[in-house]
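Remarks on the structure that follows.
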Amino acid sequence: MAFSSSSISPCCSSKFSSNFYLPDRYWKAKVKKIDAFNNNTQTFPLLQCYPFLNSKWERGELFKFGIRAAVTTEEYLLDGATENIQLLKGGSWSVHKFGGTCVGNSERIRNVADVIIQDQSEGKLVVVSAMSKVTDMMYDLIYKAQSRDESYLTALDAVLEKHKLTAMDLLDGDELASFLSRIHHDINNLKAMLRAIYIACHATESFTDFVAGHGELWSAQLLASVVRMSGVECKWMDTREVLVVNPMSSNQVDPDYLKSGERLEKWYSKNPSMTIIATGFIASTPQDIPTTLKRDGSDFSAAIMGALFKARQVTIWTDVDGVYSADPRKVSEAVILERLSYQEAWEMSYFGANVLHPRTIVPVMQYDIPIIIKNIFNLAAPGTRICRSTDNEFEDGQISESPVKGFATIDKLALVNVEGTGMTGVPGTASDIFGTVKSVGANVIMISQASSEHSICFAVPEKEVKAVADALESRFGQALSSGRLSQISVIPGCSIVAAVGQRMASSSGVSATFFSALAKANINIRAIAQGCSEYNVTVVVKQEDCVRALRAVHSRFYLTRTAIAVGIVGPGLIGGTLLDQLKDQSAVLKEKFNIDLRVMGIIGQDSMLLSDSGIDLSKWKELRSQKGETADLNKFVQHVSENYFIPNSVLVDCTADSHIASHYYDWLHRGIHVVTPNKKANSGPLDRYLKLRDLQRQSYTHYFYEATVGAGLPIISTLRGLLETGDKILRIEGIFSGTLSYIFNNFMGTKAFSQVVKEAKVAGYTEPDPRDDLSGTDVARKVIILARESGLNLELSDIPVQSLVPEPLRATASAEDFLLDLPKFDHELSKQRQEAEDEEEVLRYVGVVDVVNGNGAVELRRYNKDHPFAQLSGSDNIIAFTTERYCKQPLIVRGPGAGAEVTAGGIFSDILRLASYLGAPS
């Protein structure tokens, strides 16, 4: 059943046109004929009052009741002469559209009125939506009525109360009395209409559109009254008197600009004003049946009005500062775009971005009318300007930085793949496929076809895929059975990620950057589509990977060239020093090298500190004590790796804990990079080490451990450089312990060994228990790491280690007791020192990797005083690489090999190496 007025009256007297502000043509029309089934017009007295009703009832489908009406051509000839006032169109007019949140309550309506009054445009056309949630309330009324739920009456009272209270807060005097009179009449007539729906248990589309559109009528009248009370002459427009649309399939309508223009001229001749408040969302069909503009109808209304008035610009007021480069709910560091072209806005909105409905852009494009998206709650924000692009606009700073303007996603899709050799070279196959899809009313979101014509895949909403698959299998059943088609497969749980930008077509490498970002985030692509216009690149990924994919590409194009979420495990001496270095250098890295390192979490043995956007490293200790929570390694890892906006994540293990090291494989398998000075993983069981390295080589996940051998010295990287360039390692020999280097550099003259050990402990060179250094185990681990890097598959137990801890003292209870008893064993080492000095030699504690013979050792050796190992001072390390290229004179790496600063520096260097691998400039 269809209504073409804004309210219902219990009789057809034309006097109600003034009371109910209905379009006069509805009441002045001459009725040609009213037919009622069995002349039983008394059963539904409501129906005989409205000759413009038209529904399925006329076909006898509901209650065998029918009413039809036709109006003569005199329906537009109103009583009395009208003034011939011409509407002057053009740049003097500006159009504003305010959404439901903008007019959600009385305070916000006042704010909107202030914006309208302050606009200096000569003419102002304002389109308003219903108050926030009102449209949903109106649809709920219909649902309850047709469900025979009598609570629709209570719900209708709630609608009345909401508007009544708002009006009483905003208006007074005649304006309040007039509004209350009108809304009470509307509510009474809606009750009659809803009663009819209740009895019929059914609401036609026209009934639904008619009821749902009342929210806009009321909000437009309220706003117009507020503006008038501010002293500005103002008229309100029921756009059903002006906008004419032709209903189309797929729940859409097409505006009839010619008829709408004619009606606008007639409306304006009767209601001349330079400030007009118009209803959004609602319109009429050519038969004067009320309808709506469907989804985002108020935006569409504003764009149509902008075109009809040939306005200077159309401003869409909403509750965000503009159009974001990505969904800020998924990418918290999405930025506001200053400008979009019509095409870019269309592409982004098609792919689900909360910009505008694609059809909203069409009316304004014809007249090059810009659309401005602004925030009613932040008037200072410049917003986003949508307009036709020009060549010189690319000189704008922001736009020239990135050829990609924004990213959008569509979730809950399924990929349908049709393949078979029988498709190749057969005309009409694609037509048959998509004709079948159309027959079930499914919407194809994206299409991808191999150039060999062997397969076609396309994405459809997941809720529609079963019907599509069944229809295809029915249509191509014979082709499947004969083998011409090999399969029709469905991949559920998919999402689309689209990159949009007009400059993508003229910028080389955009697709490469896009796909590289996805690959480095370990995102598998299932399908790809790109139009020849290159305004967008579209990929299909697993739905569970969608947010990570969106963050990855957005980070690559917008945040910095490389953004990395960092998790620090073990904020002790080394970890704490690293945090200080990150604090001092992070701003420089971001500004000069486009490297954005965000410490998202810090975990110790007992507590952890987590942040969604990055920890303030200037006060991380205080924050950890104030806001820290109980340490939970699994939660910590999940938080760092699954953050909202940074796709690349690295865990930095600054401990010496074998339990932490046992998690490396799982972390790498999950796509989390690992950086560590912890030697336990690479010197542990050989099978675990090989498994770890195999995983690293097979993926884009990186594992860096330079600091495991020489703290900040480039030992691992030097060794790899030699091997990767084709050199052959013969022998690696070195002083790998800064502690033992210090001890033997100072074990001279008459000093006792125990005295030097005590001095080293006081100076902070040894572990709390010096036996950890003197045992040689730490050096043995470094030897094993270098041996394995050189290609030797050795276990730690394969390395003979000469311990400097006297046998009787190895079981001593405490470090203090050990130091007290150590002087008893000074004689043996003093004797070795004297023998070496007699031969012009020195003692050095070294590790050796003999690649030729496939073994290694850790022992105390004597070196001539002119040997490089004898020239050390302090706690320096030195490593000599003997290779086929460096055979006569070994390649020497020398420098500080101990201390928190240099070790943390080595870890920091690995983090920067990771950033380089992920795309940062070198």
Side-chain angles (χ1 to χ4, degrees), residues 519-524 544-545 548 564-570 603 633-634 636-638 640-642 647-710 715-724 729 732 736 777-799 801 847 849 851 854-856 906-907 910-911 913-914 917-918:
K520 288 176 179 177
N522 275 337
I523 304 295
N524 184 40
E544 57 263 34
D545 291 339
R548 190 154 54 96
I564 305 176
V566 181
I568 303 295
V569 182
I603 186 171
L633 186 60
N634 290 332
F636 175 82
V637 171
Q638 183 177 6
V640 173
S641 62
E642 299 180 10
N648 303 304
S649 54
V650 59
L651 291 172
V652 183
D653 175 19
C654 297
T655 73
D657 192 330
S658 58
H659 174 69
I660 299 295
S662 68
H663 289 84
Y664 291 178
Y665 184 87
D666 177 58
W667 294 347
L668 292 168
H669 192 264
R670 291 166 60 179
I672 307 169
H673 309 289
V674 176
V675 171
T676 184
N678 188 342
K679 294 177 277 291
K680 298 298 173 63
N682 285 13
S683 61
L686 180 62
D687 59 337
R688 292 186 185 177
Y689 167 79
L690 294 175
K691 185 180 178 183
L692 195 62
R693 293 304 308 275
D694 285 344
L695 175 63
Q696 179 195 3
R697 294 187 185 100
Q698 293 169 10
S699 69
Y700 275 95
T701 311
H702 299 287
Y703 173 43
F704 293 123
Y705 43 86
E706 182 71 74
T708 57
V709 175
I715 297 172
I716 298 289
S717 56
T718 299
L719 175 57
R720 284 189 175 178
L722 293 170
L723 292 170
E724 289 169 359
I729 306 298
I732 303 173
F736 295 103
T777 302
D778 186 67
V779 176
R781 290 188 181 280
K782 295 177 181 180
V783 168
I784 276 293
I785 291 171
L786 292 175
R788 290 174 175 177
E789 290 289 317
S790 302
L792 301 181
N793 290 333
L794 299 177
E795 295 281 7
L796 186 61
S797 58
D798 295 331
I799 305 296
V801 180
V849 178
V851 180
N855 58 41
I907 301 169
D910 270 350
I911 295 174
R913 183 176 300 138
L914 171 64
Y917 274 61
L918 295 175

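Note: hydrogens, waters and symmetry copies are ignored here, and every other heavy atom, side chains too, is used.
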Exercise. Does I523 offer a backbone N or O that forms a donor-acceptor pair with the side chain of R548 under 3.5 Å?
Worked result: no

Problem set entry | Flag, side chain of K680 to backbone of A656, donor-acceptor distance under 3.5 Å | yes

For this session: Inspect the contact between R781 and D778 and indicate whether a charged nitrogen and a carboxylate oxygen are less than 4.0 angstrom apart.
Result: no

Exercise. S699 and N522: side chain to side chain donor-acceptor pair (under 3.5 Å), yes or no, with the steps?
Worked result: CA-CA 8 Å; S699 69; N522 275 337; 5.4 Å; no

Exercise. So how far is it from L794 CG to I799 CD1, rounded to the nearest 0.5 Å?
Worked result: 5.0 Å

For this session: Only pairs at least two apart or in different chains count here, so list each salt bridge (charged side-chain N to carboxylate O under 4.0 Å, His left out) that has a residue in residues 683-693.
Result: R693-E789

Exercise. At what distance, to the nearest 0.5 angstrom, does CG of L668 lie from CG of L692?
Worked result: 5.5 Å

Would you give me the side-chain donor-acceptor pairs under 3.5 Å for residues 670-677, sequence neighbours excluded?
{"residue": "H673", "atom": "ND1", "partner": "H702", "partner atom": "N", "Å": "2.9"}
{"residue": "T676", "atom": "OG1", "partner": "D653", "partner atom": "O", "Å": "2.9"}
{"residue": "T676", "atom": "OG1", "partner": "Y664", "partner atom": "OH", "Å": "2.9"}
{"residue": "T676", "atom": "OG1", "partner": "N678", "partner atom": "N", "Å": "2.8"}

Seminar exercise, completed: Output for pair (L719 CG, I732 CD1), nearest 0.5 Å, gives 5.0 Å

Problem set entry | Any side-chain donor near an acceptor of the partner, N648 and Y917, under 3.5 Å | no

Seminar exercise, completed: Tightest non-hydrogen contact, residues I907 and A707, listed as CG1-CB, 4.0 Å

For this session: Specify the closest pair of heavy atoms between Y705 and R720, including all atoms of both residues, with the distance to one decimal.
Result: OH-NH2, 2.6 Å

Exercise. What distance do S649 atom OG and L914 atom CG have between them, rounded to the nearest 0.5 Å?
Worked result: 9.5 Å

For this session: Measure from the side-chain N and O atoms of D798 to the backbone N and O of E795, and report whether any donor-acceptor pair falls under 3.5 Å.
Result: yes

